[in-house]
Amino acid sequence: MKRPGRGIACMWYPIGFTVAANPSSAVVKVNEDGTATVLTGTVEVGQGSLTVLGQIAAQELGISADDVHVVSADTDIAPMDTGAIASRTTFVTGNAVRLAAAEAKTILLEVASEMLGMEPGELEAADHRIRAKTFPDKQVALAEVAARAQIARGRPPLGSASFNPPTISMDPETGQGKPFAAYVYATQIAEVEVDDETGEVEVLRICAAHDSGTAINPALVEGQVEGGIAMGIGMALEEEILFDAEGRQVNPNLTNYLIPTSLDVPRIEVDVIQSYDPLGPFGAKGVGEPTLVPTMPAILNAIHDAVGVRITDLPATAEKVLMAIKERAEVKPLGRG
Amino acid sequence: MHQVEATVNGATRRAEVSPETTLLSTLRDSWGLTGSKLGCDVGDCGACTVLVDGLSVNSCLLLAVQVNGREVVTIEGLGGFEYLHRLQTAFERLSSFQCGFCAPGMIISAKALLDENPAPTEPEIREALAGNLCRCTGYTKVIDAITEICRDRAVAVEAPA
């Protein structure tokens, strides 16, 4: 008989790591046609970080993301980055990009202030223009400012910056400190069906609410969460590296190391919770590794809800679940609470 | 060595291959069509999926000599820089892929499905993609894109002329 169950799990997760310094650097140059180029050492592996870094530079410079060209992952030309690891790129590299863009913008505002006869502090970059904050009609095209800065004023609009997240070392007496600059939070709920005659677990639905700060690109945040949950389902129910007595892996390919297919991953509903982190670039924190943290406990709690057994050794294969059901049945038959 | 002649993406292609050469390595190494990916090379992952006479197959499991005289369609046959297939447009619009390694095979499997069944249900879509493994997306936005295409087409068919 298939028995339904629901489980919930919550988590917090730190953004970046804290073993040593955790810096990222970036260079932003504004070109004379009003486009910008970002140089970064970070690596895009499909998560969309270059899109997000381009959006951050564009927002700071008041231009569109389409006008930002991001050059990455070439250590011959790009400045140092600690890496596309630890769910840190949006927060740490994003801050470096934002600071570098702000430095380039400072030059643009100073040159524009001469052109408009106003103080730099009275100006802002928005909508491909440098304009007066209080009189938006008083404006000049950003491309014109960039060209003038370079050709007439001899000050190419260029910025470079590094960001290393601020942390507080642990006080040896009190044990208090702040090891990470930002933390993210999430809750996931899993709905499962457990066949109490075979032990097979089917995940029917997962709902996930993730606070990642202000989502710079909500579609990419959803994609990260959905992908993380798929990995979490694999970790919860089927993925396991098996070794023989000599230490050789006995399931070294996808025939017997099973990862979830389109038939194993259910509907995933993602709720991107918007918050604002004062240290993050435009309020953003991060999303990456944390996406699969609550998936396994939510599924295991759902199994418990369905058939009353606690699986504490991943993955919860059908054999393990069935064995646990049988052991429990000796103590307390199913269906009697 | 064997002579192979096949229609690949509408054009006649020829190659001289040893008997054990797979269709995938002929596509990639002899004909320069590197859109089909070499993932597991044993028919598990689906990154090498192509159409042979309209049916989706793992090109790593098919010998090149087996396609002699037959019609092969790869991801390069669906679209290019000037023109994208409606499946590719939908996948792009919904950010369906992340690293993109599974994308060519996934799109070919989706095309095979829609060619045979223009209005699949979600379980039918999931069944059709079950041979294409993806480690990034959780399949969610891939299924959303295919569902959207079917819905758009259904609306177009139902709309009065």
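Within every chain, numbering begins at 1; the chains are lettered A, B, ... in the order of the sequence lines, protein sequences first and strands thereafter. Only this structure's heavy atoms are used, side chains among them; waters, hydrogens and symmetry mates stay out.
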Choice from [options] maximising heavy atom contacts with chain A below 4.5 Å:
options               : answer
B:F101, B:F97, B:Y139 : B:Y139
B:C99, B:C40, B:G43   : B:C99
B:C136, B:C134, B:S95 : B:C136

- Query: How far does CZ of A:F282 sit from CD1 of A:I56, to the nearest 0.5 angstrom?
  - Reply: 7.0 Å
- Query: Looking at CZ of A:R267 and CD of A:E269, how far apart are the two atoms once the value is rounded to the nearest 0.5 Å?
  - Reply: 8.0 Å
- Determine the option with the most heavy-atom pairs under 4.5 angstrom with chain B, choosing from A:I229, A:V45, A:T255. A:T255
Can a side-chain donor-acceptor contact be found between [Y] and [X] if the only test is distance below 3.5 angstrom?
X      : Y     : value
A:D66  : A:S64 : no
A:S24  : A:R88 : yes
A:E289 : A:S87 : yes

Heavy-atom distances under 4.5 Å only: say whether [X] touches chain A with side chain, backbone, both or neither.
X      : result
B:I143 : side chain
B:D144 : side chain
B:E122 : side chain
B:L133 : side chain

- Query: Would you say A:M231 has more than 12 foreign heavy atoms packed within less than 6.0 Å of its CE?
  - Reply: yes
- Would you say the side chain of A:Y185 lies within less than 4.5 Å of the side chain of A:K285, judging by non-hydrogen atoms? yes
- When the 4.5 angstrom heavy-atom criterion is applied to A:I268 and chain B, the contacting part is both
- Does any heavy atom of chain B fall under 4.5 Å from the side chain of A:E44, the backbone, both, or neither of them? neither
